[in-house]
Amino acid sequence: MDKSGDAYEAEKYSNESPHSDDPTKVVEEKGIRIGEAADMYGDLASAEEYGYVSRGLKSRHIQFIALGGTIGTGLFLGIGRAFTQAGPLSILLGYTFTGCAVYAMMQCLGEMSTWLPLPGAIPQFCARYVDGAMGFAVGWNNWYNSAITLCAEISAASVVIQFWQGAAGINVAAWISIIIIVVICLNIFAVSIYGEAEFIFASIKILTIVGLIIFAFIIDLGGGPTHDRLGFRYWNNPGAMKAYLDTGSAGRFLGLFSTLVNAAFSYGGVEMVAVAAGEAENPRQNIPKAVRRVFWRILFFYVLGSLAIGVLIPYNEPRLLSAIDSGAAGGAASPWVIAIYRAGVPALPSIINAVILTSATSSANAFLYTGSRYLYALAQNGQAPRIFLTCSKRGVPYYCIIVTASISLLTYMSCSSGAAEVFTWFQNLVTIANLFTWMSISVAYIQFRKALIAQGIDRNTLIFKSPFQPFLAYFSLFYFAMITLFNGFYTFKPWSINDFATSYVGIPIYFLLYLFWKIFKRTSFVRPSEADIFTGKAALDAADAHWPERVPRNVFEKIWFFIA
C-alpha cells in the first residue's frame, strides 16, 4: 500500500467503495483470497503485494472450534474452586445465568459476523461502528490477553504432565519447550492444520464431558462399584448453598455471586468462532449454524456438567479442598477426578488428566491463533504496522504468529521461584480482559443495528437475524459490566491491596489504550449514518456463489452432517 496511514483510514471508513476494481470480477479472475484483499485494501496491487488469509476452515472445523471454545479447562478444573466456595445449587445457577448472558452476546456477534465475516472481526467491528479508539483498545487488549493466556495455558500443560510419576523428575522447561514448538507448528503452515488440530482436541473434550455426564448419572443412581445410590443427598448435607464471607442469606448471596465471576472466566474464548469467521469456508452458512447452537452447548456442557458435580461430591470434600489449597498438579484438583476416586474406579483419573492436558494444549493452540488474528485485524485497521498484513502463499499471517508466539517465552519465568511472581502478575493483567471484549461486542452491535436502520437496510433481509434485539445486547452489556465492577468484592473483607489490584488492574489498562488512540488520532464517535458496513462485503457476496454444495455420500456422512 502506497497510501499514508491517515489517507488509508479516511478511505477505509468511508461509505463509498474506494476501489477501481470490481470485486466480483476480481473474485472470478483472481480467486476469493485476492478478491477479498482488493475489496479491503482498496486496490489490486496492494492485495497482490500483501496477500490475504485463506478460507481453509471447513464446516466441521468451525463447529468444533465453537465447541472447543465452549469447553475449556474451567469446566474440568476451575469449577472446583467455585464449587467449594458456594455449593452445588450456586454453581448450577451461576453457570446458567452467565450462560444466558454469553448466549445473548453471541447472538449479537453472530449477526455482525455473518454480515461481514472478517479476519479478527471484533476490533474491526468496534472501529467501524463505534469509534476507532475502541477498535484500538479492544484489539490490543485482546492481543495481550491472548498472548499472556497462551503463556498461562502452556504453563498449565507443563504442570499437568507432572501428575504422572515418570515426568516428575524432568525439568519443567523441557515440557514448556515441547509445547511451544507444537503449537507454533500447528499455526505456522496453514490454517487448515490449525483447524484439524482443534477438531481433534475438541472431539476428545466432547467425548470426555459426555462420558463424565453419563458416568455421573450412573453413579448417582447407584450403578458404580459401591452400588451406593447418591440421589441429591449432598444438597441436604452439607447443603445446596454455602455461605461465603458472611453468614445467613447475605453469605449465600455472596457465594452465588462468586460463581458468576468464576463462570464468566470459564466461558472465556466462546467468541473464538467469530475470530475464525474470516477464514471459514462458506461463512454465511457455517457461522450462523455455530452461533445458533451455542445455547444448546452451554445447556448441555456447563449446566448439566455443574449439576453432575453437585450430585457426585459434597462441597466440603477434604481431598478436593486439600488439592486446591496445595495447588496440586494436574487433575488432582478436579472435582471430576475426586468423584471418580470416591466411586472406586481406579483407571479413570489418569484418563481425565490426559484430557486436561489436551485441553490446555488446545487452548494454547487456539490463543496463538486468535492473538495473531487480532494483530492482523489491527493492521487492517491501520492501528498496527503494515508488515503484519503480510501473508504466506497459504494465507498465514506469519509475522503476526511469530510476534505473538515470542510472548510465550515469558512462560520460562514460571520455572524459577522469583520470576514466578512476575509471571503471576502478568496473568493477573488479563483476568477481566474477556469481559471488556464481550461488553465491546454488545456496544458494537447496538451501533451496528442503528447503522443498518440509518442506512435503510431491513434486518429481515439478513441471512442471520438475532432475536429480541436490541434487548439481548443491553442485557449482556449490563450483566458483564456488573461482573466487571464487582468481580473483586472479596478484596474488601478483609481489605487486600494486592487482591484489589489483581481484580481491577484490567480496567485502567483498557481505558488507557482507548484514551491513547483517542488523543493521538483525535478520533470521533461514528455516526450510524456514516458507519462503514460495506467495505469487504462485495467480495464476500461474490464469493457466496463459488462455494461448492456438500452433499452426504453415505449414512456415516449423513450422521456427521447432522452433528456438525
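What you are looking at is a predicted structure, and each value in this text was computed from that prediction instead of being measured. The basis for the numbers below is simple: all heavy atoms, side chains too, and nothing from hydrogens, waters or symmetry mates.
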Sub-4.5 Å side-chain heavy-atom contact between V191 and V53: no
Polar contact flag, side-chain donor to acceptor under 3.5 angstrom, S146-Y369: no
Reported OG-to-CD1 distance for the pair S113 and I441, which is rounded to 0.5 angstrom: 8.0 Å
P117 side chain reached by R55 side chain, heavy atoms, under 4.5 Å: yes
Full working for side chain to side chain contact (heavy atoms under 4.5 Å, CB included) between E279 and S54: CA-CA 6 Å; E279 293 167 88; S54 173; 5.9 Å; no
Audit row: W115, I463, side chain to side chain contact (heavy atoms under 4.5 Å, CB included) steps and yes/no: CA-CA 8 Å; W115 174 265; I463 296 172; over 6 Å; no
Audit row: T84, N316, side chain to side chain contact (heavy atoms under 4.5 Å, CB included) steps and yes/no: CA-CA 6 Å; T84 58; N316 59 357; over 6 Å; no
N/O donor-acceptor pair under 3.5 Å between T404 side chain and I401 backbone: no
Straight-line distance of N487 CG to I483 CD1, nearest 0.5 Å: 8.5 Å
Side-chain donor/acceptor of T361 to backbone N/O of L357, under 3.5 Å: yes
Test item: side-chain donor near acceptor, Y234 and N237, under 3.5 Å: no
Donor-acceptor under 3.5 Å (R284 side chain, T114 main chain): yes
I219/L230 under side chain to side chain contact (heavy atoms under 4.5 Å, CB included): CA gap, chis, key distance, verdict: CA-CA 7 Å; I219 297 299; L230 299 176; 3.9 Å; yes
Over 12 foreign heavy atoms within 6.0 Å of CZ, F253: no
Donor + acceptor pair across side chains of N141, Y374 (<3.5 Å): no
No-hydrogen, no-angle side-chain donor-acceptor test under 3.5 Å, Q85 and Y490: no
S442 and S476 side chains, donor-acceptor separation under 3.5 Å: yes
Heavy-atom check, side chain of Y412 versus side chain of I176, under 4.5 Å: yes
Heavy-atom donor-acceptor pair, T259 side chain to S90 backbone, under 3.5 Å: yes
Pairwise distance CZ(F199) to CD1(I204) - rounded to 0.5 angstrom: 11.0 Å
Within-4.5 Å side-chain heavy-atom neighbours: W336 and T208: no
For the student: nearest non-hydrogen atoms of Y315 and P238, plus distance: OH-O, 3.4 Å
Side-chain H-bond candidate by donor/acceptor type, E111 with S466, under 3.5 Å: yes
Heavy-atom closest pair, residues S408 and I154: CB-CD1, 3.9 Å
Heavy-atom side-chain contact between W235 and V311 under 4.5 Å: yes
Basic-acidic side-chain contact under 4.0 Å: D220, R233: no
Considering all heavy atoms, the nearest K289-Q285 contact: CG-O, 3.5 Å
Value rounded to 0.5 Å, distance of CG in L368 from OG1 in T149: 12.0 Å
By side chain to side chain contact (heavy atoms under 4.5 Å, CB included) - contacts of F217 (at least two apart): L221
Any Y194 side-chain heavy atom under 4.5 Å of I65 side chain: yes
Note, F189 side chain near V396 side chain (heavy atom, < 4.5 Å): no
Polar side chain donor-acceptor pair, Y267 to T98, under 3.5 angstrom: no
Nearest heavy-atom neighbours spanning S503 and T491: OG-CG2, 3.8 Å
Nearest atoms (heavy-atom pairs only) where V303 meets S306: O-OG, 2.9 Å
Pair H61, E198: side-chain N/O donor-acceptor within cut-off below 3.5 Å: no
Ring centers of F480, W438 separated by less than 6.0 Å: yes
Separation of L256 CG from I91 CD1 (nearest 0.5 Å): 11.5 Å
OG on S203 to CZ on R60, rounded to 0.5 Å: 9.0 Å
Over all atoms of both residues, closest heavy-atom pair of A86 and S258: CB-OG, 4.2 Å
Side-chain donor-acceptor contact under 3.5 Å, N286 with E281: no
Side chain to side chain, I179 and V182, heavy atoms closer than 4.5 Å: no
Ring pair (Phe, Tyr, Trp, His ring centres under 6.0 Å) partner of Y302, chosen from F97, Y95, Y103: Y95
